Amino acid sequence: MGTSYSKKAGLGFADLTFTPIYHDKSYLFHDVAVIGAGPAGLAASLKAADAGANVLLVDENPMLGGALTYHRFDVAGVRAAELREQLTAKVRHHKNITVLNSATCNGWFTDNYLPVIQGNRMYKVRAKQCIVASGAFEQHVVFRNNDIPGVVMSSAAMRLMTQYAIKPANKAVVLAGNDDGYLCALELLKNGVEVAVIVDMRSQSSDPLLHSAVIEKGINVLFNSTVYEALPSTDKKRLAAVQVHAITGRGKVAATGVTIPCDLLCMSAGYMPVYQLLCQAGAKLSYDDDSARFALTNLPKNLHVAGSANGVHELDAVINDGELAAYTSLTLLGLASDEPQPVTCNKQTNFPWPIFSHPKGKDFVDFDEDLQSKDIVNATRLGYRDVQLVKRFSTVGMGPSQGRHSALPTARLVADATNRTVTETGVTTARPPFVPEKLSHIAGRIFNPYKLTPMHQKHLELGAHMIPAGIWQRPAYYGNPIDRDKVVQQEVEMVRNAVGIIDVSTLGGLEVRGPDAAEFVNRIYTFGFLKQPVGKTRYAILTNEQGVVVDDGVSCRIGEDHFYITATTGGVDAVYREMTKWNAQWRLSVDIANVTSAFSAVNVAGPLARKVLSKVCFDVDLSNESFPYLAYREGTIEGVPIRLLRVGFVGELGYEIHMPSLFGATIWDALMAAGSEFNMKPFGVESQRLLRLEKGHIIVSQDTDGMSHPGELSLNWAINRKKPFFIGRRSVDIVMERQQTRKLVGFKLSSESCRPKEGHIVLASSDQKDCAITGNVTSSEYSTTIGANIGLAYVGIEQKEVGCKFPIRVDNGEIVMAEVVQLPFYDANNSRQEVI
Amino acid sequence: MPFSLLKYGLKNDYPFENDIDLPLPTELKKHYDVVIIGGGGHGVATAFYLAKYHGITNVAILEKGYLGGGNTARNTAVIRSNYLTSEGVRFYKESVDMFKGLSNEFDFNIMYSSRGQLTLAHTDATIRSFRQRAEVNTHFGGKTELIDPQQIKELVPTLNMNPADMPVLAGLWHMDGATARHDAVAWGYAKGATQRGVELHQLTEVTDVIIENGKAKGVKTNRGTVSCGCIIQAVAGHSSIVAAMAGIKMPITTYPLQAMVTQPVKPFLDPLVSSSALHCYVQQTGRGEIVFGGGSDPYPLYNTRSTLDLKESLLASAVEMFPFMANLKLMRQWSGITDMTSDYSPIMGLSPVENYYLDAGWGTWGFKSTPICGKSMAELVASGGKVPEIIAPFAMDRFDVFRQVNEMGATAASH
């Protein structure tokens, strides 16, 4: 249903084969940004630049001058061109003015942050002051058939004639609600267009001179009249005549009228400020129903409006208004300049009610959305009285022009139907962008940052299958993905029986230094760190304020006031952010640095690890007595200073070697060479996952979720509940008091049984269809070492005892029974990692 | 097709006197049995079910702006139930089921359109969590499965299978995923409620809540004071502020959430597609516009301004997913206000104040819960405070006793 009617709608096709072309972005910084290079914008730019401000002038047209490039401002029709020449010459040669023409300022974001689109580039402009001199949009008159080709705004006809030297028609009718219609008629005459009549909706013209000027030229003026209907040609493709009726009241006309043949109708009924940028900034648009005038108020500081956008339409006043906005900006910038005269302008340009609804309809309010006046009125009669509801119910203003020409007649119609003023009714919210913008402009050149470890090339040469780890790439294993299971088992066997090496450079690294370093670490992590001896490492768990385990790592005490702490690859940035956030409150005397990329690291693990290391590291006594499990030492390899952590993640004798990243590849090569006589090969992250699984070690984020607290993970031993505080302490205390609902356990299945996948769910009962879900599998793999399928899973609290058999639902709804076993699966007394 | 649509097409003189959707504004009465603060989707849905199922019609909905003008009007109208927890899946699934029948129930077209929702996995970790979501959904009778890249290509041939150099490894295909016209949902409920005697008062702002001896007694508004039997607050985006009037402190942090839309084009994208890693979701509306949404803004704020930064990053992701969209034109960008809870689940039910009921914490999952939320809140009120089983897990005191319903993994960037 949703799409069947839009298939029929008159919409464009998206080109599904389009290939993006190059677009980029650039930053600009200016004292004053002036949006719009009409008379107000030009005058403002010159005044600001003369006073020494660095000005950016932006205009969407190729030619500067705004209305001066097409509008007629005087009977003789000479003023606009003269003034344009005079102002633009100065602007072009002014050293303080940068001009961006054919450029659209497409939005206003907080603090004068302006996206300006020109060609294939988006400039992101920061301006200390911004003057919006965006002009005003001419508004159409609502009558029957006002959508026929040949019915145009006066400004459009004048643009055709002055900018493009096109004679728009042979015989025109001008429908005027202000004096600009008379000026348009004069311009039509000058270009050889016969003007059949000026139909003036008013009872008289404001400027008697203008009236006599058109009479002199032989143009007839009909006052108190309007076009009530446009009549199409027989092929219905263009305008053939207009039906003119006398106006008998607001929006009401006499029953009969006269038909005047013509092939052009120019409408000149009034203007609405181009308020979009200003309203995006929070300005309020108000309209005085009596004087039919707009005003924009509540502008934020450092944003100003000038010219016809500000409701000023008389040319000298417009110049004056531009200078006034510049003066205000300069004052705020602290630059001296002369104060201009206050602005006075009495020119009335808006006819108050240019809406003549027709019983037969086709009196369009919104040309984008094909909405007639009855659609708007009916929405209010159905009860959608708020202009926002009218918009949403009728879709008025939702098309590409976003209400440029429909907002004013809609506001008038809604106000009238609900007995409110136009100001009370208001217009719908203006939102960016100002004009529809291609996604490519906003997306720009797309950067996809990624990080490679110093050993990346070595891994590729060794045939590694690389997988993403955050924004890093890591070897999953070294071999063809087709042989994945076999390769992983081989790598595991190598570590268990001899020695292997793994690149762990992606591990997060954080340095905490300062007199309060120990106190700081003690507050961040759950264990006790105040008494951690220098030269020792300690497991570090981070819980959040809900008591949920969110990261883990190893804390090395390098000195009394110096800790080096590892964090998970994906978690380190968040941990660093948390650390700085908390210390903004605690104000402890510490320096915190994220040194993840500064250090790279490898883990040499396996019974022969010491032998490998001793071939390249000569300044550290590697014996078990002098460098026991969990100790920290510093030494050198090939003259490069290294940090050595004796760790046990994979459950064998192992050394994590951390070195400056610059030397990562050197040390990798040195270790690989040293290991060659022991057949040491690299192993990947998937093999590491299996190795640690055999030891029952969790991986935070794989074996934990957004609810996992230390008790569920059996990590009580890593929580110091005697110390006064750590992040999440209160929550952990409360949770520990409570009856637990689930537990992470190790499980085992026979090797013949279907191996559950990570993410499969644990059920309360194997035969009951709608039983409760009690947990889920977090890690699962076949282990050659154990000779069985093993894994970790959350199970219900009543399923947690060793020996308990619980159901796991695997693919295709099948149920397999797994058995809870004691962790770890491998080397229960940890002799392999600790004793040798 | 609802009958009213046909009527509109055939009649010249429309609407008729007694065929209006929303009655004219009236004066506030002195007393109502039930006052609902907030005339968004949830508020009017609650009123609708109170009137229709429980015969409680002396009800006033007090809305400071206009009907459905808050997050009801600002969300991206995604309807889905592929959550992670048992509690969540059961709740959202019933909501999706109710959505399907709403147009007929209202005799008002909500333009419900069943499309299916596809979420892309780019890492092993995501596949793991997708498998769990698919399994949990299936367990509760939902139609969700894990699909491979080949199936994804068939579903969405225009998708780039390697966006931002992150290959698409799998997808969570949620066949129940749908969309509807969000405004129409609020209007349909409002029409049904007001026809049954409920009063909808727009431009009526509650300025204070009157509490005597720990019991809610009434509200003060910009149009005078009203007494009442009980109060329901349903003001997503301002929950903490309104609850504070009743002296309740809510465990909520409030962030803006932005979305944007292109000019309409002919339909080419049926499913709702989102990428878990790019934090971007893309759908084509019934009008033909392409809607983009992503994650919440990074810092708390009560402001519906748009930002350039979010637009740049979101559209860069969108163009990565669908490169040809670089040539489409963006028409509009907007923002809503989301009340986030730490477990990404709502707060519903009783409050520390007697006769004051909460419907809050609607983060980025409010629209899709509208029907079930209205139905269960109505049940709660009609029963005099007996919490329906389906919303019991969402009680506010779960934060005190650590019984959160964690949906974090199932909500980020796929509203």
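What you see is a predicted model, and the numbers here were worked out from it, not measured in a lab. Lettering of chains follows the sequences in order, A, B, ..., and the numbering in each one begins at 1.
The heavy-atom pair separating Thr307(B) from Phe109(A) by the smallest distance is C-CE2, 3.5 Å. In plain terms, the two heavy atoms of Ile446(A) and Ala316(B) that are nearest each other are CD1-O, 3.6 Å.
In this structure, chain B has a heavy atom under 4.5 Å from the side chain of Arg385(A), while its backbone stays farther away. Only the side chain of Glu686(A) has a heavy atom closer than 4.5 Å to any heavy atom of chain B. Both the backbone and the side chain of Pro323(B) come within contact range of chain A, with heavy atoms under 4.5 Å apart.
Under the 3.5 Å distance criterion, the side-chain polar atoms of Arg809(A) are matched with a main-chain donor or acceptor of Glu135(B). Arg738(A) places a side-chain N or O within 3.5 Å of a backbone atom of Val401(B) that can act as its donor or acceptor partner. Of the possible polar contacts, one joining the Asn406(B) side chain to the Gly706(A) backbone as a donor-acceptor pair under 3.5 Å is found. In this structure a side-chain-to-backbone donor-acceptor pair under 3.5 Å is present from His139(B) to Cys771(A).
Side-chain atoms of Asp165(B) and Tyr450(A) include no donor-acceptor pair closer than 3.5 Å. In this structure, a donor-acceptor pair under 3.5 Å is absent between the side chains of Asp343(B) and Gln546(A).
In this structure, Lys25(A) places its NZ atom where more than 12 heavy-atom neighbours from other residues, nucleotides or ligands lie under 6.0 Å away.
Residues Glu758(A) and Arg131(B) are not paired through a salt bridge, judged by the lack of any N-O separation under 4.0 Å between the basic side chain and the carboxylate.
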